[in-house]
Amino acid sequence: NYKKQQQQQQQEQQQQQQWVATNESFRLMHQDAFKVFFETKLGDLTLTDKRWIMNVHIMAWTTSVTNHVYWRSCYSNILCSVIGGLEHAFSKWKAASAPDSTENIVRTEQFVITGTQGTGKSILGAFLGLVLSQAYGWLVKYQYGSESNVATFGDKTSEKNVLIWDGSSGGEVPQNPGQSFLVMVTSYKSAKWSYIAQQGSWSRVQGNLIFINPTPEKEIEAIAQAQASSDGWKTQYEYAGGIPRICLLDRETAKDVIDKACEQFATLQKLPSSVDQLLQEDKTVNSRGQKVYPGLVAHFIPTLPFRADHQLAIASSYVGEKIRQEVKKARETEVHETMQKLLQIKKARSLVGWIWEPFFSKKTLDKASVSFIGCALPAKNNRVSTLLESTSDYVPLVYEDLEDFRKKFNEKGQKHTVIGKAKKDNAEAIDGIIVKRNPLKVIGVQLCVSESKHDVTEKGVEEIQQLHEAICGTAEEQKSPAAELWFVQPEECLAAHFDFVSMQALKFKHPKQLPHESNNNRKRKRTAVLSSNQTSLWSDTAQKVTQYLAIPVFGGSTQPTANPSAEAIKKKLREAVTWAKEDQIEKNDTASESQPEPRLRSVATTITVAKSLVQDHNALFWTLMDDLAADGIVESTNSVEGDAVEELEVEDSEVVDTTGDEST
């Protein structure tokens with residue numbers, strides 16, 4: 001035993017020495033890579049018409065192993081807005097007189113560049129440091145992970161100091177950056193980064209969290225074409241979605257990694273806790289030498305022009321199909337419990353659609369008895385009624401397109417109620433069609449789980465109206481009433497207190513901003529956005545159909561606790577409609593009353609930075625204005641001279657939240 005203990009101690013000492021030597025070699029390698037990269041002259045770099053920056057010294061401390069870097073379109077907005085924000089923050093710091101004021105400015109006006117892992121945050125962070133030091137005279141302290149991997153570049157006499165900390169390799173956030181502003185480049189952990197948003201509201205247009213976009217397919221293709229082993233990238237993209245490091249693996253490894261991630265994080269039982277892990281802390285396991293983590297099954301999708309907020313979305317169609325298969329074999333109570341848990345997480349509500357749609361299809365194809373409880377939109381009163389009486393005597397149809405529906409309807413459904421579902425989940429126009437008897441009418445079905453952004457297109461509404469006229473126009477029972485559009489939601493949405501008042505088809509006229517008077521009749525010097533509950537704001541297409549919110553009540557389950565009664569649904573819906581009506585004015589009033597300080601990252605500062613970079617370093621930044629236009633930051637990109645580039649007509653102080661709900 002003594003000899004074994006000695007051998008074990010010797011092995012541990014050797015491992016420790018080896019670790020120290022390895023760590024030191026990595027530190028020296030990082031130092032050399034830092035020095036070479038950050039001393040690169042911006043004038044020596046060029047951006048090709050395929051968006052590659054050439055002659056870049058290899059950033060050996062990141063996953064990059066090439067001397068050329070792909071400039072993602074989202075980089076432009078983030079680079080310019082962060083530089084503009086730092087310049088604005090420094091101006092405030094310079095103008096402050098008291099030491100406490102300067103310390104407070106440095107502490108609160110910080111940035112976090114975050115989002116889905118493997119989407120190029122580290123590369124952007126390094127280029128941010130390079131541009132700040134060479135184009136704007138900042139002294140940049142760059143730290144990769146622990147304090148041992150630090151290098152300082154730029155003008156050592158400059159008052160403008162910034163610490164860029166990249167946490168990709170771990171390490172702790174620098175606690176005392178002194179008089180340096182702080183930019184963090186790291187995975188999302190809301191518990192750790194929430195204090196960064198002290199400047200204004202946590203999850204709306206204020207705040208300095210910046211979510212990087214998952215890489216779109218066209219950018220994956222461009223990156224893959226420059227790699228020697230780019231065969232099959234499209235299949236890998238179908239597996240992984242917008243994560244280049246997975247899409248550039250071989251097909252078998254990429255599939256294995258995503259399969260392992262789905263097994264670990266995307267089962268119905270594990271999905272809610274996986275979302276919590278994604279939003280709070282990292283959790284990783286290994287598969288074939290690759291990290292497997294919750295971010296492989298759900299991606300952060302930035303919202304708002306400055307990417308200061310986000311929603312979660314399923315990573316890929318392959319992951320979505322895995323979840324659909326889970327739904328098919330799951331118990332009903334398990335499906336309902338999972339939807340209920342996810343709907344309570346505002347950022348994860350869109351994930352529920354991947355559960356709700358296949359569950360609805362499963363129930364209707366099994367011919368479970370069903371009734372629909374609902375109310376007309378806009379919800380002007382508390383009138384809740386049964387839209388379709390409980391029935392199991394209906395014909396379920398699965399169709400490819402409307403022409404296919406007509407054909408199958410003529411063959412099977414002429415004498416029965418028909419509940420049709422598009423074969424493809426997440427159909428582009430309308431998710432399903434119901435042909436109801438007594439009276440005869442055609443109903444477009446949009447399966448949804450949130451109060452906004454239902455992808456009902458004008459084309460879809462028009463097609464439903466045309467189908468209604470084709471089926472009902474010659475009916476002898478009676479003159480056919482108008483076609484209807486039902487937003488069909490699971491009953492779990494009622495517990496989530498969605499704003500049913502503002503739920504109508506898309507393609508409204510632009511909401512108007514009018515002087516608003518609060519409940520206490522006190523005039524205010526501000527405006528409030530009218531709700532889309534005002535039918536005068538609807539487009540002609542939206543007015544062609546009668547719209548309803550509908551909750552299906554399925555019967556015939558072997559699990560009695562899985563399905564609530566119709567009366568219970570009616571009671572919940574009445575409460576929800578009442579809540580929405582009474583709360584709408586108050587929420588608009590509260591949202592418009594707040595007067596936060598102007599955004600640190602404003603439209604004006606972003607455009608100013610972009611113009612200066614294009615003017616001084618056109619070979620490297622000629623695409624900035626095009627990228628800003630694509631993001632909706634500028635109107636025109638015909639020229640960067642004079643007035644050819646115009647800001648959008650949105651004043652910072654006029655941005656108001658129409659619902660008070662963070663998810664919108």
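Annotation: side chain of E219 is in contact with side chain of S73 (closest heavy-atom distance under 4.5 Å). Side-chain contact between Q489 and C448: present, with at least one pair of heavy atoms (C-beta onward) separated by less than 4.5 Å. Residues I258 and C262 have side chains in contact (heavy-atom distance under 4.5 Å, counting atoms from C-beta outward). Residues K270 and F265 have side chains not in contact (no heavy-atom distance under 4.5 Å, counting atoms from C-beta outward). Taking 4.5 Å as the limit, some side-chain heavy atom of V435 sits within range of a side-chain heavy atom of F405. Here the side chains of N77 and R307 are in contact, with some heavy-atom distance below 4.5 Å. For the pair L447 and K421, the minimum side-chain heavy-atom distance is below 4.5 Å. In this structure the side chain of I323 reaches within 4.5 angstrom of the side chain of I355, judged on heavy atoms.
Residue P214 comes nearest to T116 through the heavy atom pair CG-OG1, 4.3 Å, listed as atom of the first residue, atom of the second, then distance. Across all their heavy atoms, I243 and H299 have their closest contact at CD1-NE2, 3.5 Å. Listed here is the closest heavy atom pair of A348 and V275: CB-CG1, 3.8 Å. A pairwise comparison of heavy atoms in Y293 and R245 identifies OH-NH1, 4.3 Å as the closest pair. Scanning both residues, L397 and V418, for their nearest heavy atoms gives CD1-CG1, 3.5 Å. Considering every non-hydrogen atom in both T338 and L268, the closest pair reads OG1-O, 3.1 Å.
Within the 3.5 Å criterion, the main-chain N or O of L312 finds no donor-acceptor partner in the side chain of K347. Here the side chain of K436 pairs a donor or acceptor atom with the backbone of L387 at under 3.5 angstrom. The main-chain N or O of E357 is found under 3.5 Å from a side-chain atom of S361 such that the two form a donor-acceptor pair.
Distance CD/E463 to CD1/I430: 8.0 Å, rounded to 0.5 Å. Taking CD of Q446 as the reference point, atom CD1 of I464 lies at 10.0 Å (rounded to 0.5 Å). Once rounded to the nearest 0.5 Å, the distance linking CZ of R324 with CD of E326 reads 12.5 Å. Rounded to the nearest 0.5 angstrom, S187 OG and F300 CZ are separated by 8.0 Å. Residue S316 holds its OG atom at 9.5 Å from CG of L296, rounded to the nearest 0.5 Å. Considering CG of L388 and OH of Y548, their distance stands at 12.5 Å, rounded to 0.5 Å.
Relative ring orientation between F554 and F359 is described as perpendicular, the plane-to-plane angle rising above 60° on a 0-90° scale split at 30° and 60°.
More than 12 heavy atoms of other residues, nucleotides or ligands lie within 6.0 Å of NZ in K367, so this atom counts as buried by the packing criterion. Atom NZ of K341 is surrounded by 12 or fewer heavy atoms from other residues, nucleotides or ligands within 6.0 Å.
Between the side chains of Y239 and D256, no donor-acceptor pair of N or O atoms lies under 3.5 Å. Inspection of the Q325 and E321 side chains reveals an N or O donor paired with an N or O acceptor under 3.5 Å. Judged purely by distance below 3.5 Å, without hydrogens or angles, the side chains of T386 and K570 pair a donor atom with an acceptor atom.
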Legend entry - Worked verdict on R72 versus I212 for side chain to side chain contact (heavy atoms under 4.5 Å, CB included): CA-CA 10 Å; R72 297 194 52 207; I212 195 169; 4.0 Å; yes
Inset, instruction - Starting from the C-alpha separation in whole Å, work towards a yes-or-no answer on side chain to side chain contact (heavy atoms under 4.5 Å, CB included) for F360 and D431. - result: CA-CA 11 Å; F360 181 88; D431 292 325; over 6 Å; no
Inset, instruction - Report the C-alpha distance between Y237 and T215 in whole Å, list the side-chain angles of each, state the deciding distance to 0.1 Å, and finish with yes or no for side chain to side chain contact (heavy atoms under 4.5 Å, CB included). - result: CA-CA 10 Å; Y237 179 81; T215 312; over 6 Å; no
Inset, instruction - Could you give me the CA-CA distance, side-chain angles and deciding distance for I434 and F372, then say whether side chain to side chain contact (heavy atoms under 4.5 Å, CB included) is met? - result: CA-CA 11 Å; I434 295 175; F372 287 86; 4.0 Å; yes
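Test I551, L549, V445 against V488 for side chain to side chain contact (heavy atoms under 4.5 Å, CB included) and you get one pass: V445.
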